[in-house]
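Only one structure is covered here, and it is reproduced in the block below.
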Amino acid sequence: MKTSQQIQAMRAELLDWYGREGRTLPWRIRPEDRVAGVAADPYKIWLSEIMCQQTTTTAAAAYWHKFLDKWPSVQDLAAAPRDDILTAWAGLGYYARARNLHKCAQMICTEHSGLFPDNEAGLLKLPGIGPYSAAAIAAICYNEATNVVDGNVERVISRIFRVQEVLPKARSEIRKLAATLADPARPGDYAQGLMDLGAHICKPKNPKCDLCPWQIHCAAYGSGDMIDYPKRKPKATRPNRYGAVFYVEDNGQIWLRQRPDKGLLGGMMELPGTDWSTDKPKVDTWLAQAPVQSNWQRVGGEVVHVFTHFTLYLTVFIGQTKASHFDISAHMNTLDNYALPSVMGKAITHAQAMK
DNA sequence: GAATCGTGGTG
DNA sequence: TCACCAAGATT
């Protein structure tokens, strides 16, 4: 634990560092502008926070601009067809975020008069807004003195206090320790400053301790084992799965279907294909699951795609018969306007390269 | 608490 | 090459 004098010093040092070295992000209000009375737009902050979940800020920023250009207000987003949102989200991953984004926008419009709740507890009730996002939005938009704890903060705090418990069990302890430091006077700037510190100074592998405003306060720096924190439970090895997809092209269009709304890639488009099994089946087993009978031609090589909890090996088959023979014209789609996840983009590229 | 849920970058 | 990681939420 830190003394109150130490805590006061740490808050001041972090805010000073943030004012000098804090990163500019497209949705961020700089401290000097905030003092001048510029307020953050909850819609823009909410959008950024959802997109930033488990996603690099670089990738999130590109989509953030695209979404704001397409849907400048929460009303615009709520009124959009869900599939348009999935299409715009395609490639960013974790598609439940896009589904919840739409639900949340609609709830804001139908149950909250088009306004975001102005406090952490209210925000937490909305779909897709969990403990981190609720705390962050409340702090950044409404200056509520929340305790914002993301992956960056977990790393910084675990090093400052040299937390011995492993994640995720250490989470409650880290939260309590973080709360002792959180700044009640400038919650938004403090939260963003602490996350910046984690992202750019207190990095996982090569922390720049020489540039850290909290160096003298850091227990891990003192013992030289920063890199060992946060301690984590070892992860299980990632299993493999195997499947096949079937590629039918006719007149510039491709046979696609929509996945069920729930689960992996929920609501996204895909090539028709087989189940993804843990053991690699024989080709005949795959062909028996083909959507239609055809002289399917196996494409050389496999498409390898790494998901969070398994690696997928996809074998691609190309149909030799024209789509018109299958009476599937209703399934034929151009690629432009559909929510195509990255894995299916890879499979299509693989098929087209072999033609 | 543990599993599920994407993707691209990196050392 | 490959395990790790990125402003987590949901069940």
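What you are looking at is a predicted structure, and each value in this text was computed from that prediction instead of being measured. Residue numbers begin at 1 in each chain, while the letters A, B, ... track the order of the sequences.
Gln54(A) has its CD atom 11 Å from the C1' atom of dT7(B), to the nearest Å. Between the CD atom of Gln53(A) and the P atom of dT7(B) there is a distance of 16 Å, rounded to whole Å. Look at CZ on Arg97(A): it is 8 Å from C1' on dG6(B), rounded to the nearest Å. Distance, Lys235(A) NZ to dT4(B) C1': 14 Å, rounded to whole Å. Arg241(A) has its CZ atom 12 Å from the P atom of dG6(B), to the nearest Å. In this structure, the OH atom of Tyr95(A) is 12 Å from the C1' atom of dG8(B), given to the nearest Å. When rounded to the nearest whole Å, the span between CZ of Arg99(A) and P of dC5(B) equals 10 Å. For the pair Arg259(A) CZ and dG6(B) C1', the computed distance is 12 Å after rounding to whole Å.
Salt bridge annotation for Asp225(A)-Arg162(A): present, with a cationic side-chain nitrogen under 4.0 angstrom from a carboxylate oxygen. Checked for salt-bridge contact, Glu302(A) and Lys280(A) meet the test: a charged N lies under 4.0 Å from a carboxylate O. A salt bridge between Arg11(A) and Asp16(A) is absent, with no side-chain N of the basic residue lying under 4.0 Å from a carboxylate O of the acidic one.
Taking only side-chain atoms of His305(A), from C-beta outward, the nucleotide of dG6(B), dG11(B), dT7(B) with the closest atom is dT7(B). Taking only side-chain atoms of Pro168(A), from C-beta outward, the nucleotide of dA2(B), dT7(B), dG11(B) with the closest atom is dA2(B).
Residues from residues 119-143 of chain A with heavy atoms under 4.0 angstrom of DNA chain B: there are none.
Environment of NZ in Lys231(A): crowded, with over 12 heavy atoms of neighbouring residues, nucleotides or ligands closer than 6.0 Å.
Residue Gly266(A) is classed as having no contact, given no heavy-atom separation below 4.0 Å to the nucleic acid. Contacts of Arg171(A) with the nucleic acid, taken as non-hydrogen atoms under 4.0 Å apart, are absent. Within the nucleic acid shown, Leu25(A) comes within 4.0 Å of at least one base atom, counting heavy atoms only. Among the protein residues, Ala199(A) comes within range of the sugar-phosphate backbone only, with heavy atoms under 4.0 Å from sugar or phosphate atoms but none that close to a base.
The gap from the P atom of dG8(B) to that of dA9(C) amounts to 22 Å, rounded to the nearest Å. With both ends at atom C1', the span from dA7(C) to dA3(B) equals 22 Å, rounded to whole Å.
Checking the phosphate oxygens (OP1, OP2) of dC5(B), a side-chain nitrogen or oxygen of His309(A) falls inside 4.0 Å. Residue Ser342(A) places at least one side-chain N or O closer than 4.0 Å to OP1 or OP2 of dG8(B).
The footprint of chain A on DNA chain C, defined by a heavy-atom cutoff below 4.0 Å, extends from dC5(C) to dT10(C).
Among pairs with a residue in residues 33-48 of chain A, those fulfilling side chain to side chain donor-acceptor pair (under 3.5 Å) read Arg30(A)-Asp33(A), Arg34(A)-Asp189(A), at least two apart in sequence or across chains. Annotation: side chain to side chain donor-acceptor pair (under 3.5 Å) contacts involving residues 125-143 of chain A, sequence neighbours excluded, comprise Glu49(A)-Tyr132(A), Gln53(A)-Ser133(A). Applying the salt bridge (Lys or Arg N to Asp or Glu O under 4.0 Å) rule to pairs touching residues 259-273 of chain A yields Arg82(A)-Asp261(A), Arg257(A)-Glu270(A), Arg259(A)-Glu270(A), sequence neighbours excluded. Counting only residues at least two apart or on different chains, no salt bridge (Lys or Arg N to Asp or Glu O under 4.0 Å) pair has a member in residues 99-116 of chain A.
Judged purely by distance below 3.5 Å, without hydrogens or angles, the side chains of Lys2(A) and His217(A) never pair a donor atom with an acceptor atom.
Comparing Ala170(A) and Thr56(A) by the nucleotide of DNA chain B that holds the closest heavy atom to each, the one mapping nearer the 5' end is Ala170(A). Mapped onto DNA chain C by nearest heavy atom, Trp27(A) and Val306(A) fall at different nucleotides, with Val306(A) at the one closer to the 5' end. Mapped onto DNA chain B by nearest heavy atom, Leu264(A) and Lys205(A) fall at different nucleotides, with Leu264(A) at the one closer to the 5' end.
With contacts defined as side-chain heavy-atom distances shorter than 4.5 Å, the pair Ile45(A)/Phe116(A) does not qualify.
Ring geometry for Tyr190(A) versus Trp214(A): interplanar angle of 30 to 60°, hence tilted.
Residue-to-nucleotide contacts include no donor-acceptor pair under 3.5 Å from the side chain of Thr55(A) to the base of dG8(B).
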